[in-house]
Amino acid sequence: MPAAGIDIARIGPGDGTIAPRSRMRSDAPEQSLDGAWRFRLSPSPWDAPDDWRTGSAAGEWDTIAVPAHWNLSGFGSPAYSNVQFPFPVDAPHPPDENPIGDYVRLFDLDAPLTHLRGRMLLRFDGVESAAEVHLNGVRLGSTRGSRLTHEFDITDVVAAAGNVLAVRVAQFSDGTYLENQDMWWLPGIFRSVTVLGRPTDGVDDTFLIADYDPATGQGTIDARIASTGSVSIEVPELGIRASADAAATLDAAPVGRIAVGAVEPWSAETPRLYTAVVSTPTETVTMRLGFRRVSTDDGVLRVNGRPIMLRGVNRHEHDPEHGRVYSPDLARRDLVLMKQHNINAVRTSHYPPHPDFLDLADELGVYLIDECDLETHEYEYVQWRGNPSADPAWREAFLDRIRRTVARDRNHASVIMWSLGNESGTGGNLTAMARWVREHDPSRLVHYEGDWSSRDVDVYSRMYASHDEVRRIGEEASEPLPIGISADEARRRTLPFIQCEFGHAMGNSPGGVREYWDLFEEFPRLAGGFIWEWVEHSITVRDDSGRRVHRYGGDFGESVHDHNFVIDGLVSADREVRPGLVDYAAIIAPVVIGVDETRETVTIGNRYDHVTTDHLRFTWRREVDGATIASGEFDVPSTPPRTRVELPLPARARGDVTARIADVITVGAALAASTTWADAGHVVATGQQLSAVPAVAATRSAPGADRFDRRGAPLRLGGLDVLSGPQVGIWRAPTDNDLAPGWDEPDLPPMAARWATARIDRMLTRVRSIDHGPHSLVVETRTGAPSFDTAIDARWSWSETPGGLLLTLELDPHGPWDVDWARLGIDLTLAGAPTGMQFAGRGPGPSYPDTDAGVTFGWHEVPASDLVTPHVRPQESGSRRGVRSAIVRTTAGAVRVQVAGGDALEHGVALTVSPWDRRTLAETTHASDLPEPLATHVSIDIAQSGVGTATCGPGVLPRYRVPARPASFALLFDTP
Ligand code: IPT
């Protein structure tokens with residue numbers, strides 16, 4: 001054992017702590033030890049000095065903040081890896097290269113604590129990965145379970161003044177084998193340290209199960225209290241005051257049942273909380289109860305007797321500067337943003353979050369799958385040989401983790417399931433955990449994904465299952481059981497199903513979510529899913545010029561890392577909304593609005609599980625060519641959950657008007673009153689109906705030859721010089737998904753590799769003919785891939801109209817194309833850096849064919865900063881779909897482009913206006929390395945591939961692909 005006094009290679013939980021307790025808000029005195037601590041880092045246990053217990057080391061000590069990670073505080077640097085382990089799988093041993101952080105805090109007790117009659121505890125809420133704790137030279141014990149709470153009894157050791165608290169922390173330990181959770185390795189004391197006064201005869205522990213009986217509307221409280229005093233429970237709002245039998249430990253405490261009469265139930269849609277006060281003569285604890293019942297029957301997941309749909313996301317705790325250090329502002333911002341985007345559930349991947357996060361979830365109304373701090377994913381690398389989950393020697397370590405998880409959080413209404421952990425294979429230790437949970441807390445369900453037999457759990461959970469498989473799972477619930485299946489399998493088929501991870505939001509992603517949602521809606525057994533993941537984990541640093549830049553795996557010199565696989569969120573690390581979130585919000589919207597084509601009626605589907613539509617205001621408006629010509633409000637009758645109504649649209653929504661660009665009806669559902677998470681007027685759902693656009697009928701004449709170069713390409717379009725193009729383009733700068741082999745096509749290379757092989761990223765054009773006709777200039781080109789005989793033939797007819805320059809383009813594939821294209825359109829480079837655009841089309845944000853649920857037709861204005869998505873790893877982004885007319889502005893002028901005919905009339909075109917060309921985007925690894933924009937790169941596409949979710953899950957679904965195909969369309973260019 002190289003480092004003095006810290007054994008970091010033993011199998012088992014920490015030692016010396018008191019039994020895990022519930023987190024309570026109490027009036028007992030407490031003292032925070034957060035703030036500046038003395039700190040010393042040694043590169044290895046072999047180098048760590050022996051004198052750490054007293055803090056009086058001869059060497060130099062630095063200062064560090066608690067809570068913080070030392071490698072984000074100037075001591076070492078962060079490292080990111082996913083499934084692969086940063087050191088050999090040689091359990092329980094960490095490698096010798098294992099930074100050791102010594103922490104020392106000198107403190108006097110605050111006056112209220114010195115006057116306390118009772119005991120004193122020292123609480124650590126998060127230390128990664130193992131700590132050895134000494135107070136005044138006395139060993140208190142050790143911790144394992146980085147994201148779990150550990151409490152030591154210090155009554156007999158602590159003094160009124162002059163205390164020396166010394167904590168030796170190892171970055172890696174035996175515990176690391178259970179904590180391989182696809183995230184940055186961030187050691188240190190990263191959550192608060194607190195001294196707690198425990199008054200004699202105080203409220204030592206509580207477990208209140210607040211149940212709601214949907215049949216009667218009555219609530220009950222099953223209370224267990226640990227105390228040596230006489231305990232009373234009050235719920236003032238319900239007129240409840242009861243005394244409770246208690247015992248010294250919670251396990252020994254009897255269950256006291258209190259009938260509370262009629263209550264309003266808690267759900268994510270109705271986060272009704274009642275204040276309860278548990279008190280003894282010496283201590284008062286304030287709790288918030290949500291009365292609710294979680295159940296399953298017939299394969300249906302229910303809350304308060306009603307089926308529920310989990311519109312979920314996976315959330316890691318991540319702050320771009322401070323890592324997993326809790327920020328109350330970010331936590332609230334996360335939950336508010338989620339609620340504003342119709343999300344109603346969070347899986348706390350892959351560990352219990354900061355305890356305060358649960359208070360917010362109770363209050364704002366979010367269902368939680370609270371996950372234990374457990375993942376042994378590294379064993380996948382060694383075919384699960386020696387997996388701790390299946391080794392009885394590790395059982396106590398596993399049980400300790402789940403006990404700490406459940407004990408701390410069990411009084412929160414928001415928690416509807418306990419998750420045993422993530423990606424830890426199968427084995428008896430997981431079964432033991434599940435058994436303990438069932439005995440301890442019968443009021444919630446057990447979740448774990450890694451064992452598909454599902455023998456230990458109450459919901460069948462999977463990650464990234466294909467659409468076909470999800471459909472089969474939906475169907476099998478209603479099929480007779482096949483003969484000869486195992487008992488486990490028979491039971492599994494009766495469980496509700498969720499996807500605890502799906503829709504991998506890495507880069508320009510996730511596509512195909514709508515198709516999953518359609519399945520969830522179709523089959524009662526399918527109870528929804530959780531997008532992977534909420535927030536990107538980029539870490540920000542200052543570069544040489546002082547700019548704040550986003551970093552990912554490998555940027556800190558790690559030898560084992562997984563690049564940008566940690567940048568996969570619906571929001572950036574700075575909580576900027578990515579387009580995937582806008583899409584998801586619309587897919588999962590609690591109200592579905594359909595306007596029929598004749599504009600006679602509107603259908604309003606209520607997809608809430610618990611509430612009617614009474615809290616919403618419904619409005620409609622009719623816009624013609626950008627001007628609102630009529631609008632109004634609807635009286636929607638109170639529509640019960642999971643039902644729909646059809647209403648007539650007012651006559652003013654119909655009737656003759658001639659539109660040049662579009663005549664569009666928009667119906668919206670918005671909050672009638674402000675809530676804790678949004679203001680009145682916040683839109684929860686939108687439905688639209690759009691008229692077709694008329695073709696441009698104009699007199700045409702041949703354009704002047706001086707307006708074209710010798711190859712027949714225009715020198716200027718509208719008010720802008722053309723620097724290159726237009727030419728045919730079928731490639732895009734590979735998205736993260738394009739670079740990954742889809743799980744549905746495991747034997748095929750990623751799309752980006754197929755494109756590279758087919759060389760569609762470097763096609764060359766030959767002018768085949770130029771014909772100056774009476775009405776037009778006709779240029780024929782062939783654009784082909786080097787080495788191959790595959791090409792796209794184009795016929796460009798240019799004519800002058802009174803309004804501008806009209807291009808009619810016919811495209812025809814030539815040769816044996818067997819690769820799906822990224823897109824089909826034209827590319828041109830215009831003078832000047834882009835300064836913004838205006839467009840009539842679907843927006844305001846970008847979308848692709850399989851991510852366009854959240855964009856609505858309108859007359860949108862886009863500033864330069866929003867033209868493309870600032871993905872941390874640059875890639876294709878920024879396409880606006882359904883565009884009928886647009887003005888592109890650059891520092892050199894502006895051009896207007898309008899859809900004028902052909903295939904584009906019905907669906908418009910997809911317009912991408914980017915400060916960077918695709919080659920630059922494809923070859924730049926970090927957004928901060930992109931050059932200063934010098935020109936404007938415009939693509940106008942008649943077809944585009946979806947984005948899929950191949951980084952984890954299926955690639956682009958067949959209907960969203962672009963196989964070789966002909967196209968013809970017309971565009972009118974002029975000066976705005
Ligand atoms: C899955 C993990 O559970 C999650 O932590 C994350 O790594 C995600 O993938 C990818 O970002 S595991 C994967 C191998 C299915």
Side-chain angles (χ1 to χ4, degrees), residues 79-86 146-147 176 178-186 312-318 324 346-353 369 371-384 387 389 419-426 430 447-452 461-466 469-470 498-510 513 516 529-538 552-553 560-573 578 580 735-737 739-744 746 871-873 948-955:
Y80 161 62
S81 61
N82 177 11
V83 180
Q84 52 176 341
F85 216 37
S146 299
R147 274 68 62 170
T176 309
L178 311 185
E179 295 180 3
N180 186 23
Q181 289 129 322
D182 185 17
M183 57 192 192
W184 294 95
W185 297 100
L186 298 174
V313 291
N314 282 277
R315 177 181 179 273
H316 268 278
E317 302 218 296
H318 183 73
R324 287 187 284 278
V346 168
R347 172 174 176 237
T348 70
S349 53
H350 297 304
Y351 43 82
I369 299 184
E371 191 149 273
C372 184
D373 194 3
L374 177 72
E375 174 162 344
T376 66
H377 211 165
E378 67 279 12
Y379 283 85
E380 191 176 287
Y381 254 74
V382 295
Q383 293 75 51
W384 297 100
N387 180 19
S389 304
S419 176
L420 305 179
N422 185 55
E423 296 280 13
S424 299
T426 59
L430 294 159
H447 171 271
Y448 176 64
E449 189 275 345
D451 184 351
W452 294 358
S461 177
R462 291 282 302 280
M463 48 174 76
Y464 312 108
S466 69
E469 189 174 8
V470 170
I498 63 168
Q499 287 247 67
C500 69
E501 296 179 20
F502 79 120
H504 198 250
M506 183 175 180
N508 187 345
S509 193
V513 174
Y516 281 114
F530 296 77
I531 295 285
W532 187 269
E533 71 178 305
W534 172 248
V535 59
E536 299 177 353
H537 308 208
S538 60
Y552 52 75
V560 174
H561 68 85
D562 285 289
H563 306 269
N564 63 323
F565 209 65
V566 79
I567 312 288
D568 53 359
L570 293 176
V571 297
S572 73
R578 296 286 193 225
T735 64
D736 292 316
N737 288 325
L739 290 164
W743 291 18
D744 52 338
H871 290 297
V872 177
R873 188 193 72 82
T949 179
T951 42
C952 262

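For the single chain, residues carry numbers from 1 onward in sequence order. Each ligand, and each atom within it, is numbered from 1 in the order the structure gives.
- Residue contacts with ligand 1, taken as heavy atom pairs separated by less than 4.0 Å, involve Asp568 solely via side-chain atoms from C-beta onward.
- Between Glu375 and ligand 1, a contact under 3.5 Å exists for no N or O pair.
- The N/O atoms of His377, backbone and side chain alike, include none that comes under 3.5 Å of an N/O atom in ligand 1.
- When heavy-atom distances to ligand 1 are checked against a 4.0 Å cut-off, Asn314 has no atom that comes that close, whether in backbone or side chain.
- Between His504 and ligand 1, at least one N/O pair is under 3.5 Å apart.
- Here atom 12 (S) of ligand 1 lies nearest to Glu423 when heavy atoms of His350, Glu380, Glu423, Glu501 are compared.
- Formation of a donor-acceptor pair under 3.5 Å by the Tyr552 side chain with backbone atoms of Tyr80 is not found in this model.
- Of all atoms in ligand 1, listed by their number and element, those nearer than 4.0 Å to a heavy atom of Asn422 are 2 (C), 3 (O), 5 (O).
- The residue from Tyr464, Trp743, Phe565 that puts a heavy atom closest to atom 8 (C) of ligand 1 is Tyr464.
- Thr426 contributes no side-chain N or O that, together with a main-chain N or O of Asp451, makes up a donor-acceptor pair within less than 3.5 Å.
- Neither side chain, Glu449 nor Ser461, offers a donor N or O lying under 3.5 Å from an acceptor on the other.
- For the atom pair CG (Asn422) and CD (Glu375), the distance works out to 4.0 Å, reported to the nearest 0.5 Å.
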With ring-ring contact (aromatic ring centres under 6.0 Å, His included) as the test, would you mind laying out the steps for Trp185 and His537 before giving the verdict? CA-CA 12 Å; Trp185 297 100; His537 308 208; over 10 Å; no
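- Scanning the protein heavy atoms around atom 6 (C) of ligand 1, the nearest turns out to be Asp182 OD2, 3.0 Å.
- Between Glu536 and the options His316, His318, Arg578, a side-chain hydrogen bond (donor to acceptor under 3.5 Å, both in side chains) holds for only Arg578.
- The shortest side-chain heavy-atom distance between Tyr516 and Pro954 falls under the 4.5 Å cut-off.
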